[in-house]
Amino acid sequence: MSMDCETHATLTDASLDGELDAASALAFESHAAACAGCGPRLASARDERARMAGRLRESVTYYRAPPELRAGVAAALARENVPPPPRGAAAPARFGLGSLAAAVAAAAVLASALTWWAASELGGSRRDPVGELVASHVRSLQIDHLTDIASSDRHAVKPWFAGKLDFTPPVADLAADGYALRGGRLDYVDGRPAAALAYQRRQHVINLFVWSDAGGDEAARATQRAGFNVVAWRERGLRFALVSDLGEDELAGFAERLRKSWPTAQNPGHASRPPAGSGRDGPGVPPDRRAG
Amino acid sequence: MGQEIERFERLVLPHLDAAYNLARWLTRNDADAADVVQEAVLRAFRYFDAFRGDDARGWLLATVRNTTWSWLKRNRPEALVPVDEVEALAPELPGADPSAACDDRQLGAALNEAIAALPAGFREVLLLREVEGMSYKEIAAVVDAPIGTVMSRLARARGILRVKLAAAGWR
């Protein structure tokens, strides 16, 4: 193949970029060797390329994705993972059974407890409780989705759940430690109705999900999904899960504080408020509040 | 579904910076670039099971480029000069100053300005080649044009830059 000068000029950049196929490259070099005009022109282009090599890449601004974009992408992906919540889910079964049936039920529950994390971490089965939790958390960050009852008073939030769930979620007041209660709402987790308590620490929203999950106590475990931290444990037949973009250590610390602040089984209620109905506590106390 | 997100995060999200850089250079501001990239990443994820190749970066950038151009057509049509109508500039070097300081920051500023002034169709091929180090074939896939077109746009983009830099004192 022979090449004319105009073609040679046009192909110079491609040659210097190493993008000519073997046949074209051969014709290109042959023409340069034989042409008094194109030979020096190519040499000068090579020099310029050698001088500027890499300088554009080094000097030009490279815009990196800002953290808000990364978080927004993570949240959007988490929302993509949402299976629709079950409509009209039945109340959880009770464990008022005879001893054999109870033992079988307990074994089944223990087995499901062992797979609860495994299902989420492997992501292989269709059940993905961690993914659901993160998706619920992200949904709740939308405007007006965070709380059904917006109150920083746990004595208002806790009784709100009565009649809506067949368990009472413990609600802690940790405002003095920098965790403000925003309120509560109903949610669904793992096919079951759940309480969601919304807290806030600095700019971070934290959802505490609570639902019925009979079985032995399980120590707190942490995981991450789509950029969010999740800490979950089980005690007193309830499973708890914290979801937040708060750092892992702080979230685990919050879990510890929550567990320490709740009444124990021997002391089912702080007697910090007089029983309902007395109406004689002064102007600041509504008479129909239940003790916390 | 959870494992699809995991696969996407592992293969595609490492190229989020490259995606943002391209969108930012095309849209010319941070907020629009972020919007466009978010939309593009979501679209890329929804079509992710159609991705069988081994070039996740090219695949993401193609989606981002496509989304950005749609956005530009809707929101800033005046920015889209059809590049094949841009007249080729003569390669003379007017009044270059050989004593111009070889300062990287000044070069960077001059390059940023010159690249920003390029028509979008030239700007994108130049950046994909010079900054991302893509081959002509990879660039052609991202900008959805034949390789010959990529070659000629790149040569012309470099020609324009050469003239502008020389006018600013660079050789």
Side-chain angles (χ1 to χ4, degrees), chain A residues 9-21 41 45 47-49 51-83 119-132 134-135 225-227, chain B residues 1-9 13 15-25 30 33-35 37-39 41-42 45-46 104-112 114-116 126-127 129-133 135-137 147-148 150-152 154-159 161-162 165 170-171:
Chain A
T10 310
L11 291 180
T12 300
D13 270 358
S15 163
L16 294 174
D17 286 337
E19 291 273 353
L20 291 184
D21 62 72
R41 193 183 43 74
D47 284 345
E48 182 204 57
R49 182 62 74 98
R51 272 199 313 276
M52 288 296 284
R55 294 197 78 186
L56 192 151
R57 188 181 62 251
E58 287 156 14
S59 315
V60 155
T61 304
Y62 192 83
Y63 297 98
R64 298 197 176 273
E68 309 80 56
L69 174 59
R70 286 193 180 272
V73 162
L77 290 176
R79 282 196 290 273
E80 289 289 297
N81 197 30
V82 176
S120 295
E121 279 166 358
L122 293 177
S125 78
R126 276 178 299 150
R127 285 181 62 230
D128 182 17
V130 171
E132 280 185 47
V134 170
R225 179 72 68 83
Chain B
M1 240 307 210
Q3 64 192 122
E4 275 303 280
I5 290 190
E6 190 274 326
R7 186 170 87 102
F8 187 82
E9 285 177 351
L13 288 193
H15 305 294
L16 195 66
D17 282 343
Y20 182 75
N21 187 53
L22 179 63
R24 178 58 177 75
W25 272 105
D30 295 334
D35 284 347
V37 169
Q38 177 129 344
E39 187 188 329
V41 169
L42 211 51
F45 178 68
R46 286 174 184 157
D104 269 356
R105 237 177 325 124
Q106 290 177 331
L107 176 61
L111 279 170
N112 281 337
I115 292 173
L126 183 77
L127 291 169
R129 173 71 201 181
E130 296 288 344
V131 174
E132 294 298 334
S135 70
Y136 287 10
K137 185 172 169 201
I147 290 188
V150 168
M151 195 183 307
S152 89
L154 191 54
R156 292 169 67 195
R158 284 164 164 162
L161 237 59
R162 194 176 289 126
L165 290 180
W170 297 97
R171 291 198 139 272

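Each chain gets a letter, A, B and so on, in the order its sequence line appears, and its residues count up from 1. Heavy atoms only: backbone and side chains are in, while hydrogens, waters and symmetry mates are out. Just so it is clear, the structure is predicted and the values come from calculations on it, not from any experiment.
- Interface residue Val131(B): backbone and side-chain heavy atoms are both found under 4.5 Å from chain A.
- Qualifying side chain to side chain donor-acceptor pair (under 3.5 Å) partners for Arg57(A), counting only residues two or more places apart in sequence or in other chains: none.
- The structure places CE of Met52(A) at 5.5 Å from CG of Leu107(B), a figure rounded to the nearest 0.5 Å.
- Neither the backbone nor the side chain of Ala23(B) comes within less than 4.5 Å of any heavy atom of chain A.
- Of the possible donor and acceptor atoms, one in the side chain of Ser59(A) sits under 3.5 Å from a partner among the backbone N and O of Arg55(A).
- Heavy atoms closer than 4.5 Å to chain A are found in the side chain of Glu9(B), but not in its backbone.
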Donor-acceptor list for residues 64-73 of chain A side chains, cut-off 3.5 Å, not counting sequence neighbours:
from: Arg64(A); atom 1: NH1; to: Asp17(B); atom 2: OD2; distance (Å): 3.0
from: Arg70(A); atom 1: NH2; to: Asp17(B); atom 2: OD1; distance (Å): 3.2

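- The greatest number of non-hydrogen atom pairs below 4.5 Å with chain A, out of Arg158(B), Met151(B), Glu130(B), is found for Arg158(B).
- Contact tally against chain A (heavy-atom pairs below 4.5 Å) for Leu127(B), Asp35(B), Leu42(B): the top residue is Leu42(B).
- Neither the backbone nor the side chain of Ile147(B) comes within less than 4.5 Å of any heavy atom of chain A.
- The part of Leu161(B) that comes within reach of chain A is its side chain, from C-beta onward, which places non-hydrogen atoms under 4.5 angstrom from that chain.
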Stepwise side chain to side chain contact (heavy atoms under 4.5 Å, CB included) test for Val41(B) and Leu13(B) | CA-CA 9 Å; Val41(B) 169; Leu13(B) 288 193; 4.2 Å; yes
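- Interface remark: Leu16(B) contributes backbone and side-chain atoms alike to the contact with chain A (heavy atom separation under 4.5 Å).
- One finds no salt bridge joining Glu48(A) and Arg51(A) here, because no Lys/Arg side-chain nitrogen approaches an Asp/Glu carboxylate oxygen to under 4.0 Å.
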